[in-house]
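Presented below is the structure to which this report refers.
In what follows, chains are A, B, ... by sequence order, proteins preceding strands, each numbered from 1.
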Protein chains: 2
Amino acid sequence: MTTNLNTFTGEFSYTVDTKGRVNIPAKFRKALSADNEDTFVITRGMDPCVWVYPIVVWQKIENDLKNLSSLSAINRTFVRNTVRYATPLIYDGQGRIQLTTNLINYAGLDKKTLIIGMVNKIEIWNPDRLKEIDKKNMKIDSTAYDDLAEKIII
Amino acid sequence: MTTNLNTFTGEFSYTVDTKGRVNIPAKFRKALSADNEDTFVITRGMDPCVWVYPIVVWQKIENDLKNLSSLSAINRTFVRNTVRYATPLIYDGQGRIQLTTNLINYAGLDKKTLIIGMVNKIEIWNPDRLKEIDKKNMKIDSTAYDDLAEKIII
DNA sequence: GATTATTACCCACAACTACCCACAATCTAT
DNA sequence: ATAGATTGTGGGTAGTTGTGGGTAATAATC
């Protein structure tokens, strides 16, 4: 085994077809551990993109949510917002997942998409949006970025 | 054993063929420790060249990235930009790796390339670009260069 | 209940990739 | 110096992958 299971890297250009389907890159499908049974969970990203988790990774998040007390209003809000856009999906025979219209609108997807491995999850972007966000964040916080680079890049 | 494992030094001229493949110098392949299972990770360098890591070295970077919280926007940007151009590759029966078009364009590779050992990673350069960059950097920072030399060269 | 819209599964095909073999140039060892 | 192995470079082919569309089953709407 060469690549780590449930670890995703690299960037791929794909298209959302008229039915709202996108291909999951073959490399990412191969990186899925068997216990996922070909299933991902798609949900809103913290940036305006779609986040795609292997279901076993998502289940860990769900578990943590279960342990939050429902007595606190902010806990309830957090659980609600985390879960409400999440949908588990099995990819079809051609390796595609069917996106929900809700998430397509949220991420502003339209034909051309960028699919990016984010180590333990996957992001689906409208390429134009990504460019904007990227520029904006770098402008705000470029020294923090450099600090991270210094710490992590070998 | 003469060479240190996962330690690369020296410079070699190779060609990128029409399919985008380059040879990894035999010396570098022999320097790969067995736990890499003949696998490198290629990604964008901080200079306009391709960086090639032994996969076990790269996995250390991935691990650090996993531990960054996704709550901070700059963390997400950093993870994305670090990982999006990274691809793990096993070299083929002739000792070559298949470069991605993205990285070929980024490094401006075209036929003749210079492959340079950088101790814990490998760089693949367009020879002309390297010459430019080198000249530019030396002009800017030649005293800093001398300071380093004084500290490190025995 | 009839009609329409949506989803799930199937097939088709062009483009690309991985794997194989070939060969010339270089190195190694006797 | 010569034979044999290794190394760098090129190309062919079979299989995979991304993309589109068709049809039947299911759900939604009136």
Side-chain angles (χ1 to χ4, degrees), chain A residues 1-3 8-32 37-42 50 52 87-105 109-117 122 124-127, chain B residues 1-3 8 10-32 37-42 50 52 55 85-105 109-117 122 124-127:
Chain A
M1 187 65 46
T2 41
T3 48
F8 312 99
T9 66
E11 162 182 297
F12 306 84
S13 289
Y14 286 138
T15 64
V16 185
D17 67 19
T18 47
K19 295 179 182 175
R21 300 174 296 188
V22 236
N23 217 309
I24 298 291
K27 279 185 187 163
F28 290 176
R29 291 189 321 250
K30 284 178 187 158
L32 255 198
E37 293 171 10
D38 302 341
T39 309
F40 289 99
V41 171
I42 60 172
V50 178
V52 185
T87 316
L89 290 173
I90 305 174
Y91 54 77
D92 70 14
Q94 279 73 255
R96 294 171 292 194
I97 54 172
Q98 172 77 47
L99 299 176
T100 64
T101 40
N102 193 306
L103 288 176
I104 290 176
N105 294 337
L109 298 181
D110 174 40
K111 273 285 193 194
K112 295 267 145 258
T113 61
L114 221 48
I115 302 190
I116 302 180
I122 299 162
I124 304 177
W125 282 87
N126 173 327
Chain B
M1 186 65 48
T2 40
T3 50
F8 313 100
E11 163 183 301
F12 305 85
S13 290
Y14 286 135
T15 65
V16 186
D17 68 19
T18 47
K19 294 181 181 175
R21 299 173 297 190
V22 237
N23 217 309
I24 298 291
K27 277 185 188 164
F28 290 177
R29 292 190 319 252
K30 284 177 187 158
L32 255 198
E37 293 173 14
D38 302 340
T39 309
F40 289 99
V41 170
I42 59 171
V50 178
V52 185
I55 190 155
Y85 305 109
T87 315
L89 291 173
I90 305 175
Y91 54 77
D92 70 14
Q94 281 73 254
R96 293 171 293 193
I97 54 172
Q98 171 78 48
L99 299 176
T100 64
T101 41
N102 193 307
L103 289 176
I104 290 176
N105 294 337
L109 298 181
D110 174 39
K111 275 283 189 195
K112 295 269 145 256
T113 61
L114 220 49
I115 302 191
I116 302 179
I122 299 162
I124 304 177
W125 281 89
N126 173 327

- Query: Roughly how far, to the nearest 0.5 Å, is the CG atom of A/L109 from the CG atom of A/L99?
  - Reply: 6.5 Å
- Message: Restricting to side chain to side chain donor-acceptor pair (under 3.5 Å), what partner residues turn up for B/Y91, sequence neighbours left out?
- Response: B/D38
- Task: Look at the side-chain N and O atoms of A/S13 and state whether any lies under 4.0 Å from the OP1 or OP2 oxygen of D/dG18.
- Result: no
- Message: Return whichever of A/R21 or A/F12 has its heavy-atom-nearest nucleotide of DNA chain D closer to the 5' end.
- Response: A/F12
- Could you tell me whether the side chain of A/T113 and the main chain of A/Y14 form a donor-acceptor pair under 3.5 Å? yes
- Query: Can you check the A/I97 CD1 to D/dT19 P distance for me, whole Å?
  - Reply: 13 Å
- Whole angstrom value for the distance that separates P of C/dA22 from CG of B/D17: 19 Å
- Integer-rounded Å distance: C/dA25 P and B/N23 CG: 17 Å
- Message: Given the structure, check if the side chain of A/K19 and the base of D/dG20 hold any donor-acceptor pair shorter than 3.5 Å.
- Response: no
- Item | Under-4.0 Å side-chain N/O to phosphate OP1/OP2 contact, B/R96 with C/dC20 | no
- Message: Just to verify, what does A/R21 make a salt bridge (Lys or Arg N to Asp or Glu O under 4.0 Å) with, not counting sequence neighbours?
- Response: A/D17
- Using the closest heavy atom to pick a nucleotide of DNA chain C for each, name whichever of A/Q98 or A/Q94 lands nearer the 5' end. A/Q98
